[in-house]
Amino acid sequence: MKAAPRASGSRPTIYRPLPRRFFARNTVQVARALLGQFLVHETRLGRVVGRIVETEAYRGPLDPASHAYRRTARSEVMYGEPGVAYIYFSYGMHYCMNVVTEGRGRAGAVLLRAVEVVERADSAGSGQHGRAGPRAGSIPSRLAAGPGRVTAAMRVGPAHNGADLTRPPLYLARGDRPAGRIVTGPRVGISLAQTRPWRFGIAGHPSLSRPFRAPL
DNA sequence: ATCTAGATCGGCT
DNA sequence: GCCGATCTAGATG
């Protein structure tokens with residue numbers, strides 16, 4: 001028999017890390033392929049799991065919107081081993097998380113712009129309140145709808161810069177194919193290379209950071 | 001040493 | 001829809 005379907009379909013009871021070779025290829029391909037996969041963080045307080053619903057590809061010296069447009073101390077991690085995290089501090093208040101792509105010596109990373117949080121340690125019952133509140137068992141769909149919210153919800157911070165994302169405690173894991181169609185559009189918040197349609201999302205998903213422009 | 005734009009978000013005119 | 005908060009990497013003097 002089948003379990004009752006959730007908004008994003010069923011999810012595994014165990015999470016299988018994606019192998020490093022998954023990330024060692026064209027950045028735009030990886031950005032697409034990450035939709036529907038899981039980001040898992042096993043913290044001391046418990047496990048947090050998000051399903052990736054929106055990404056953006058950032059490339060190397062030919063992509064002026066990318067931090068790796070120039071090779072500097074900050075962008076060095078984007079030139080290194082695929083499958084590790086690139087974390088940067090944004091607008092004086094948020095951290096953003098990327099997954100490094102391409103082979104060593106080639107720059108590339110995928111920004112995780114939105115995930116649907118499907119599991120978090122403190123959402124599982126333990127009613128401290130006499131009656132069940134509105135939060136019992138439910139997780140707001142917009143909790144991680146935006147790159148700064150992804151890191152906050154997933155408990156990811158600057159200490160994770162350079163972390164290996166192919167094994168616990170913080171890793172990407174195999175998920176289902178996205179339920180909806182994949183939509184594309186220009187990357188958000190950049191001024192250069194706006195013609196590059198390197199933002200990807202699951203069409204109509206409630207956890208998207210913001211809508212995609214409708215197709216022609 | 002100083003300047004500036006920035007892969008954002010939440011609140012409110 | 002617009003604005004302010006709050007900070008830094010990288011460029012320039």
Side-chain angles (χ1 to χ4, degrees), chain A residues 23 26-35 37 39 41 48 50-80 82-102 106-117 120 135 139-163 165 170 172 182-202 205-214:
Chain A
F23 307 102
N26 178 284
T27 305
V28 174
Q29 275 180 249
V30 177
R32 271 184 167 279
L34 276 173
L35 296 176
Q37 316 286 359
L39 176 62
H41 194 184
V48 189
R51 190 162 189 269
I52 298 170
V53 301
E54 182 182 338
T55 60
E56 281 176 359
Y58 286 87
R59 309 189 76 179
L62 297 178
D63 178 5
S66 173
H67 291 166
Y69 182 57
R70 288 184 280 268
R71 189 166 183 165
T72 66
R74 180 174 63 162
S75 65
E76 188 59 27
V77 63
M78 284 180 67
Y79 284 84
V84 315
Y86 166 47
I87 312 289
Y88 71 91
F89 189 50
S90 178
Y91 289 96
M93 12 196 98
H94 312 286
Y95 292 94
C96 295
M97 175 176 181
N98 298 253
V99 186
V100 174
T101 58
E102 310 279 349
R106 296 191 146 260
V110 174
L111 172 67
L112 304 183
R113 280 198 58 87
V115 307
E116 175 194 3
V117 178
R120 63 174 173 174
R135 54 189 284 151
I139 300 172
S141 66
R142 307 202 59 74
L143 183 65
R149 296 164 140 197
V150 167
T151 53
M154 295 298 305
R155 310 275 190 258
V156 169
H160 296 101
N161 192 39
L165 301 176
L170 179 63
L172 280 306
I182 294 177
V183 284
T184 68
R187 293 172 289 180
V188 174
I190 61 166
S191 60
L192 297 139
Q194 294 199 319
T195 59
R196 299 303 175 73
W198 288 344
R199 177 187 180 214
F200 303 95
I202 298 176
H205 198 286
S207 301
L208 292 176
S209 67
R210 48 158 305 178
F212 282 74
R213 223 208 105 171

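Just so we're on the same page: letters track the sequence lines, and every chain starts at 1.
Here A:R210 does not reach the OP1 or OP2 of B:dT8: none of its side-chain N or O atoms lies under 4.0 Å away. Contact check, A:S191 against B:dG6: a side-chain N or O comes under 4.0 Å of OP1 or OP2. The phosphate of C:dT8 (OP1 or OP2) has no side-chain N or O of A:R74 nearer than 4.0 angstrom. One finds a side-chain N or O of A:R149 lying less than 4.0 angstrom from the OP1 or OP2 phosphate oxygen of B:dG10. Contact annotation: A:R113 side-chain N/O to B:dT8 OP1/OP2 distance is under 4.0 Å.
If you take OH of A:Y91 and P of B:dT4, they are 16 Å apart, rounded to a whole angstrom. Between the CD atom of A:E76 and the P atom of C:dA9 there is a distance of 15 Å, given to the nearest Å. Rounded to a whole Å, the CD1 atom of A:I87 is 15 Å from the P atom of C:dA9. As a whole-Å value, the separation of A:R196 CZ from B:dA7 P is 17 Å. One atom, CD of A:E56, and another, P of B:dG6, lie 15 Å apart when rounded to the nearest Å. Here B:dG6 presents its C1' atom at 16 Å from OH of A:Y69, a figure rounded to the nearest Å. If you measure from atom CE of A:M93 to atom C1' of B:dG11, you get 12 Å, rounded to the nearest angstrom. Spacing between atom CZ of A:R199 and atom P of B:dT8 amounts to 10 Å, rounded to whole angstrom units.
Which of C:dA9, C:dC7, B:dT8 sits closest to the side chain of A:F89 comes down to C:dC7. Looking at the side chain of A:H94, the nearest of the listed nucleotides C:dA9, B:dA7, B:dT8 is B:dT8.
In terms of position along DNA chain B, the nucleotide closest to A:L192 lies nearer the 5' end than the nucleotide closest to the other residue of the pair A:L192 and A:A145.
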- Task: Please report the C-alpha distance between A:Y58 and A:H67 in whole Å, then the side-chain angles of each, then the deciding distance to 0.1 Å, and finally whether the ring-ring contact (aromatic ring centres under 6.0 Å, His included) criterion is met.
- Result: CA-CA 8 Å; A:Y58 286 87; A:H67 291 166; 7.4 Å; no
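Rounding to the nearest 0.5 angstrom, the gap separating the CE atom in A:M78 from the OG1 atom in A:T101 is 7.0 Å. Distance CZ/A:R187 to OG/A:S66: 7.5 Å, rounded to 0.5 Å. The distance from the CG atom of A:L34 to the CG atom of A:L112 is 6.5 Å, given to the nearest 0.5 Å.
For C:dA9, the base has no donor-acceptor partner in the side chain of A:H67 [N/O atoms by modelled type, under 3.5 angstrom]. Side-chain N/O atoms of A:Y88 and base N/O atoms of B:dA7 include a donor-acceptor pair closer than 3.5 Å.
Using a 4.0 Å heavy-atom cutoff across all strands shown, A:Y58 reaches at least one base atom of the nucleic acid. In this structure, A:L111 reaches the bases: a heavy-atom distance under 4.0 Å links it to at least one base atom across the strands shown.
Counting only distance, with no hydrogens or angles, the side chain of A:S209 and the backbone of A:E54 share no donor-acceptor pair below 3.5 Å.
By the 6.0 Å and 45° rule, A:R59 stacks over the aromatic ring of A:W198.
Using Watson-Crick or G-U wobble geometry with both donor-acceptor distances under 3.5 Å, C:dT6 finds no partner in any strand shown.
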